Structures are given as structure tokens and as C-alpha cells.
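One structure is given here, and the rest of the page talks about it.
We count ligands from 1, going down the list as the structure has it; atoms in each ligand are counted the same way. Below, each value reflects all heavy atoms present in this structure, side chains not excepted, and no hydrogens, waters or symmetry copies. Treat the numbers as computed from the prediction; the structure is a model and nothing was measured.
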Amino acid sequence: MTIQTVAVVGAGQMGTGIAQVLAIAGYDVTLTDVSAAALETALSRVSANLAKQVERGKLQGIDGKAAVGRIATRVALADVGRCDLVIEAATERESIKHKIFDDLVPHLKPGAILTSNTSSISITRLAGRTPHPDRFMGLHFMNPVPVMQLVELIRGIATSAETFSAVHTVVERLGKTPVIASDYPAFIVNRVLIPMINEAVFVLHEGVGSIVDIDNSMKLGANHPMGPLELADFIGLDTCLSIMQVLNEGLADPKYRPCPLLVKYVEAGWLGRKTGRGFYDYQSEAPVPTR
Ligand code: NAD
């Protein structure tokens, strides 16, 4: 099946980036969100990003304005039904995702492919509620989408070879590099990355090292571009905790126990950069460690 029209459900950080890279690659995109304000922000963010990329000469041979013009925004989910491919990138809550697919299914055109950008929820379980689980799979972009090269492709137990091949072709047309992950909690990247971050929080919790020393250790000692606590603040501590909980519940191994200090920060509403405070405080110009 050839894909030309794509619906992106959820216009947050991920949905906005996904719509942007699709439009640059020449796809016709319908971006939808329950929040009209989120759609407005998304569109102005894409316009600003593309203008900046054109200015820096990074969009050789691509008309930035025409790319923005390929993104239509809609609040009503029913309006996205005629698309060849749906990429669900709404809030990471299973009940929300089930409701989106339930509401979408009656409006889909025959043969449409459904995908989810979920970081951790079972693709097989999401697919199981739809009438054609063979046409459902995981399509997991990394944040920020326009910058990060990798995309994880996740087959549910019923995903057909045709579905996989059609989605694989989209990833190639975006100029991204696909890796194939089995449908197990948190797939590959987050299965490795988030327990490492959780361990860094245990190291802090047990007083083995300070925030700055932990981050410097991994930057200078393991050549990581960002320290694990700095990175946790960038991802969002609530997201990190939610992925640890999925690993803990899904794999039932005590090594995935979320660090109590991570739980405490989330309970305090200190979620990282997005709330202005996490392991670092971002109120002043240079981030200040909070412990
Ligand atoms: P976000 O909070 O920035 O955006 C979520 C958007 O979904 C919001 O604009 C919200 O209004 C919208 N939404 C909620 N319910 C909806 C509904 N019923 N219909 C349509 N829109 C709805 O979240 P995000 O960081 O963009 O994450 C989105 C998805 O991408 C999640 O599944 C997350 O796990 C995954 N993801 C996130 C990252 C990351 O680093 N943030 C990385 C990879 C994958």
C-alpha cells in the first residue's frame, strides 16, 4: 500500500515534531488534538522551526512555506478518517489511547494503517481493541523528532508483513533510521535508558555522589553528551517514573523498582524543565542543582 495522507493525533511535543518531518518529506498531514490551543501552538512552532531551518540553509530544495501548507489542523477526530496512515501521539495514558482508537475506527477508510508513538504501552494490547490488529503497529519517534535519527518499529503479535513494510517505507522516506523492537515493555531505547536514569537517582538517594558529580561522571567518564539527571529533567520526571512503573509491572523483576527519590520529586510536582524545577532549578540563567 502506498501512503500519502497521514493523520497525527495529539499536537504536543511529539505530534508537532512528527507533523513537521512528515510535511517536509512531502506527506499531506492532518494534525488533530482535543485542544485548539495546542493545535495553534503546534502550527506556529512548525512555521518558526522551518523558517529557521531555511535561514540556516538546512532545507535545500524544500519550500518551507509549502511544507507548512501541507499541515491541516482539526479538533474533530472524525475529520482525520480518510487518511492512509494514523500516527497516535497523544498523552501517555492507556485509557486515552483506547478511546482515540475506538472513536477513530468508524471513520477510517478501508485498509488504513494505525500506529502508536507510545513509549511503553503494549502494542498488542492497543491493537487488540481494533477490528484489524494486522494493520496496527508501534512507530516510536525520539524527542526532539526533527533532530533525532532513530525510529523504533514495533510489531504487535498480529501485525502483518504488508503493514510493517508500508510503515518501514515511510520511515525511510523521512530519512530516519529504523530499528526493529519486539513488543516488550519500553522496547529497546527506554528499556536501557530509563533504568540507567533510575540507577543514577538511586546513586543520588544513597549519597554516593552529588547531582553535579553524577552528571559529570557520565559525561566525562562514559562520554555521554548529557548527564543522566540532566537528561531526566529534559525527558520529564513523570515520564521517567511512568516508564519505570511499566517495566516494573510488565517484567516483574525487582531490578526495575522505581527509586523512592524519583517518586518524591514527581509527588512534589518537580518534573524537570517543563515545570522549571527537577534535579536542577531552571529559574536562573544557569541550572542550579536542587540537592
Ligand atoms: P504532550 O503532553 O506534549 O502532548 C500530548 C498531546 O495529546 C496534548 O496536546 C493533548 O492535548 C493531546 N491529547 C490528549 N488527549 C487527546 C485526545 N483524546 N485526542 C487528541 N489529542 C489528545 O506529550 P508528548 O511528550 O508529545 O507525548 C506524546 C506521546 O509520545 C506519548 O505516548 C509519549 O509516551 C510518546 N513519546 C514521548 C517522548 C518524549 O520524550 N516526550 C518520546 C517518545 C515518545
Exercise answer, ligand 1 polar atom pairs (N/O) under 3.5 angstrom:
| from | atom 1 | to | atom 2 | distance (Å) |
| --- | --- | --- | --- | --- |
| ligand 1 | 3 (O) | Q13 | N | 3.1 |
| ligand 1 | 7 (O) | T91 | N | 3.4 |
| ligand 1 | 9 (O) | D33 | OD2 | 2.7 |
| ligand 1 | 11 (O) | D33 | OD1 | 2.7 |
| ligand 1 | 11 (O) | D33 | OD2 | 3.4 |
| ligand 1 | 25 (O) | Q13 | NE2 | 3.4 |
| ligand 1 | 26 (O) | Q13 | N | 3.3 |
| ligand 1 | 26 (O) | M14 | N | 2.9 |
| ligand 1 | 30 (O) | N117 | ND2 | 2.9 |
| ligand 1 | 32 (O) | A90 | O | 3.3 |
| ligand 1 | 32 (O) | E92 | OE1 | 2.5 |
| ligand 1 | 32 (O) | K97 | NZ | 2.8 |
| ligand 1 | 34 (O) | E92 | OE1 | 2.8 |
| ligand 1 | 34 (O) | S119 | N | 3.4 |
| ligand 1 | 34 (O) | S119 | OG | 2.7 |
| ligand 1 | 36 (N) | S119 | OG | 3.2 |
| ligand 1 | 40 (O) | N143 | ND2 | 3.2 |
| ligand 1 | 41 (N) | Q13 | NE2 | 3.4 |

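- For the 3.5 Å distance criterion, the side chains of Q20 and N49 qualify, holding a donor opposite an acceptor.
- Judged by distance alone, the side chains of S122 and Y184 never bring a donor and an acceptor atom under 3.5 Å apart.
- Checked by atom type, the side-chain pair E92/T118 shows a donor-acceptor distance below 3.5 Å.
- A cation-pi arrangement is absent between R273 and F234, since the terminal nitrogen or guanidinium carbon is not both under 6.0 Å from the aromatic centre and inside a 45° cone about the axis.
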| field | Full working for side chain to side chain donor-acceptor pair (under 3.5 Å) between Y280 and D215 | value | CA-CA 11 Å; Y280 294 86; D215 277 346; 2.5 Å; yes
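- For the 3.5 Å distance criterion, the side chains of D28 and T5 fail to qualify, holding no donor opposite an acceptor.
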